[in-house]
Amino acid sequence: MSLRIAGMGWVTPLGRGVDAVWNRLLLGEEALAQPTSDPVSEKRYSAFRVPAEALTDLPPHPRLRRASAISRFAAAAGIDALGQARSAIGEIDAERLALVFAVSNGGVIYTKRFYHNIVETGAQSASPLLFPETVFNAPASHLAAIFGITGTSYTLVGDGAVGVLAVKMASDLLENEAFDFCLVVGAEEADWLLCDAYHKWRLLKNEPPIELFRDPPRGMILSEGAGAVLLARQGREQIDAIDLGGNFSRRSEAKKIAGRVLHSLADENACIVASANGTFVDLAEREAIERELPGALVYSPKAALGESVGASAIWQVIVAAQSLRTKRLPPILGSNAPQGLSFPESGETLHEKVIVLSCGLNQQIAGLRLRI
Amino acid sequence: MSFGEDYYRALHRDRGLRHSPGWIANYPPQKPVIDAQDAFEISAPCQIIANACASGTNAIGHAFECVSSGKYQRVLTGGYDALSELVFVGFDSLQASTPEKCRPFDRDRSGMVLGEGAAILALENLEDARARDARILGEIIGYGISTDNHHLTQPDPSGSGPRRAMEQALHSAGRSAEEVNYINAHGTATPFNDAAEGKAIAELFGSIPVSSSKSMIGHSLGAAGAIEAVVCLLALQAQLLPPNINFRRPDRDLDLNIVANKSREAKIDIVLSNSFGFGGTNASILIQKLAA
């Protein structure tokens, strides 16, 4: 089956809109880190936030009035992806549209607020307005309501690789003739609580820059936003291979699985959009790349955009598609290529294929390959 | 969820937790599956569907489609959930839970009682299972999924969402409603769910025997669909309709044939299991007894 990208939407700390964000990446811009704090602790962290103006023109749908940030990011990205597709192919029948939503941490802000009320003042203060937004599939429910989807809607949870798993599920769904399109949306919201958790997990650094492929790794900065790809049987870029990879129990196993995924997707005409984010992931990917595709051009958007966990693999897919469309790759910020890796330099790239390698922080690795 | 609660309580208590406990690493919902895969040395990729209380049935349904499409020979599928303070208080805040007994489809039903647990089913291509002389417990023959955009937590009172899921399950199996012998209902005992589901069942299936296992074991949320699929398989094997206990008075607005309080012997060839969840997600699977 031919699995192609018919539309894309992108909500990031560098703004909203595929072309707008892409152009800023090509110019070598990085998101602005903002301090994040919480009354529960004096500890402060930095996170890359979606600018408020990115969401100012959302439709006045009743579902979005009280929705958490993650739902609004997802809605904006989904609306843009469908809008891009409509401008090329016309109206999209919601009855023939499936939805797959990918997420990792979910509606953390409302979940924390809901539970904080319980801890602080007891169960009687729990808000029935907040609780429904704590459910992982709340954003997917809002998206379905906004787009009029009454059929298939799945929410997948996982780590940074969950977006690839979502694309695979979309591929499976599109084998059913009942569907013409599947909208895949990955989204995440950043909160102090997540920063604190990842800091205690020794994966976070306090301030940018994120230094990619550095040994030893210095840590990542969390970010937020959403990415959406509308998949169809027709479109410009084709996803011609997906490898669901596997799980690792120990970090030392990550390089083996990443290598296996790369081996199955390897193509001499391909460059790699990696998930390197300044953590152990970088070393796993570096070893895998050196072994399986030595000399391949490698780019990761996470130095500029941060680690958006559940949204990150879809962001990588968008980067891969844009690099095929524009024949360019942005520069990797603040890092020199370590021996054995090649980073993009300014100018055109002539790759016919792009491999998306996604290694999550919590045990999942998967990948896919795009061609134009 | 409980790992996250422990972490947050400690953070709140200590105003700046210093050490890095296993709470964080164990919090993600995919962790139990990955741990189980590690324990059983299963290296296959996994997908974790989080469609609220329909997740278990969605997981079985998606696994069924993966196997029946020929993509996979065997899939382990199921659901799991554990009680937590956040969820308990959350359902209480919505006035969806009851301190009384759980009475699905009863006129005096007053809400759900939460439960917890897990169930895993091994799905395999029928020909391959027969070829290796496996003990086959039943055959999944149909799956339906629908989305009800009425409200984030309340079903459309018309029952249109559940009805579409059930119709789709029948359609995908190529079966008619008359061929189904029993429905294991979602049946949470909340006024809204049972009214919408009961309406959809009555319209589509007439006087088919219906019961909700949640009357006996509570609502185990993400695990419910998988646990209730096991109940359906056991019903097919034993040729017994599982009871809907705590049932006292029929709801005048629901024209249902409830398996009230005691199990009944019956000839059962095909059963349907329903699961519905927050977000308006609805899922139904159809299970068939295999001839000996």
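Here is the naming used below: chain letters follow the sequence lines, and residue numbers restart at 1 for every chain. Note that this is a predicted model, so its numbers are computed, not measured.
- With contacts defined as side-chain heavy-atom distances shorter than 4.5 Å, the pair B/R9/A/I118 qualifies.
- B/Q47 places no side-chain N or O within 3.5 Å of a backbone atom of A/L156 that could act as its donor or acceptor partner.
- More than 12 heavy-atom neighbours from other residues, nucleotides or ligands sit within 6.0 angstrom of CZ on A/F280.
- For residues 94-112 of chain A, heavy-atom neighbours of chain B at less than 4.5 Å comprise A/T111, A/K112, sorted by residue number.
- Other residues, nucleotides and ligands contribute at most 12 non-hydrogen atoms within 6.0 Å of the CD atom of B/Q95.
- If you tally non-hydrogen atom pairs under 4.5 Å between each of B/H150, B/H62, B/Q168, B/E65 and chain A, the highest count goes to B/H62.
- No side-chain heavy atom of A/N247 sits less than 4.5 Å from a side-chain heavy atom of B/V33.
- Closest approach of A/F114 to B/G90, counting heavy atoms only: CZ-CA, 3.5 Å.
- A/F131 and B/F91 make their closest contact through CE2-N, 3.7 Å (heavy atoms, listed as atom of the first residue, atom of the second, distance).
- Contact count against chain B (heavy-atom pairs under 4.5 Å) is highest for A/V119 among A/L165, A/D159, A/V119.
- Most heavy-atom pairs under 4.5 Å with chain A: of the set B/L94, B/V89, B/D38, B/L152, this distinction falls to B/L152.
- The shortest distance between side-chain heavy atoms of B/Q30 and A/Q363 does not fall below 4.5 Å.
- When heavy atoms are compared at a cutoff of 4.5 Å, A/Q364 approaches chain B solely by way of its side chain, counted from C-beta outward.
- Minimum interatomic distance between A/P128 and B/S93 (heavy atoms only, all atoms of both residues): CB-O, 3.4 Å.
- In terms of heavy-atom pairs under 4.5 Å with chain B, the best-connected choice from A/A123, A/P132, A/S125 is A/P132.
- Interface check for chain A: of the options B/D35, B/D148, B/N58, the most heavy-atom pairs under 4.5 Å are formed by B/N58.
- Contacts from residues 137-152 of chain A to chain B, taken as heavy-atom pairs separated by less than 4.5 Å, involve A/N137, A/A138, A/S141, A/H142, A/A144, A/A145, A/G148, A/I149, A/T150, A/G151, A/T152 in sequence order.
- More than 12 non-hydrogen atoms from other residues, nucleotides or ligands lie less than 6.0 angstrom from CZ of B/R74.
- At most 12 heavy atoms of other shown residues, nucleotides or ligands fall within 6.0 angstrom of atom NE2 in A/H263.
- Among A/L244, A/T155, A/D243, the residue with the largest count of heavy-atom pairs under 4.5 Å with chain B is A/T155.
- Here the closest non-hydrogen pair linking A/V135 and B/A52 is CG1-CB, 3.9 Å.
- Contact check for B/F278 versus A/T134: no side-chain heavy atoms found under the 4.5 Å cut-off.
- For chain B, the option among A/Y115, A/Y198, A/Y154, A/F248 with the highest count of heavy-atom pairs below 4.5 Å is A/Y115.
- Taking a 6.0 Å sphere around CZ of B/F88, one finds it holds 12 or fewer heavy atoms contributed by other residues, nucleotides or ligands.
- Considering only heavy-atom pairs separated by less than 4.5 Å from chain A, the leading option among B/R164, B/E5, B/K31 is B/E5.
- Pairing each heavy atom of B/C66 with each of A/D172, the nearest pair is SG-OD2, 4.3 Å.
- The shortest distance between side-chain heavy atoms of B/I49 and A/M169 falls below 4.5 Å.
- With chain A as partner, the option from B/S43, B/C46, B/A44 having the largest number of non-hydrogen pairs under 4.5 angstrom is B/C46.
- The number of heavy atoms from other shown groups lying within 6.0 Å of CZ (A/R44) does not exceed 12.
- Closest approach of B/A50 and A/F136 over heavy atoms only: CB-CB, 3.9 Å.
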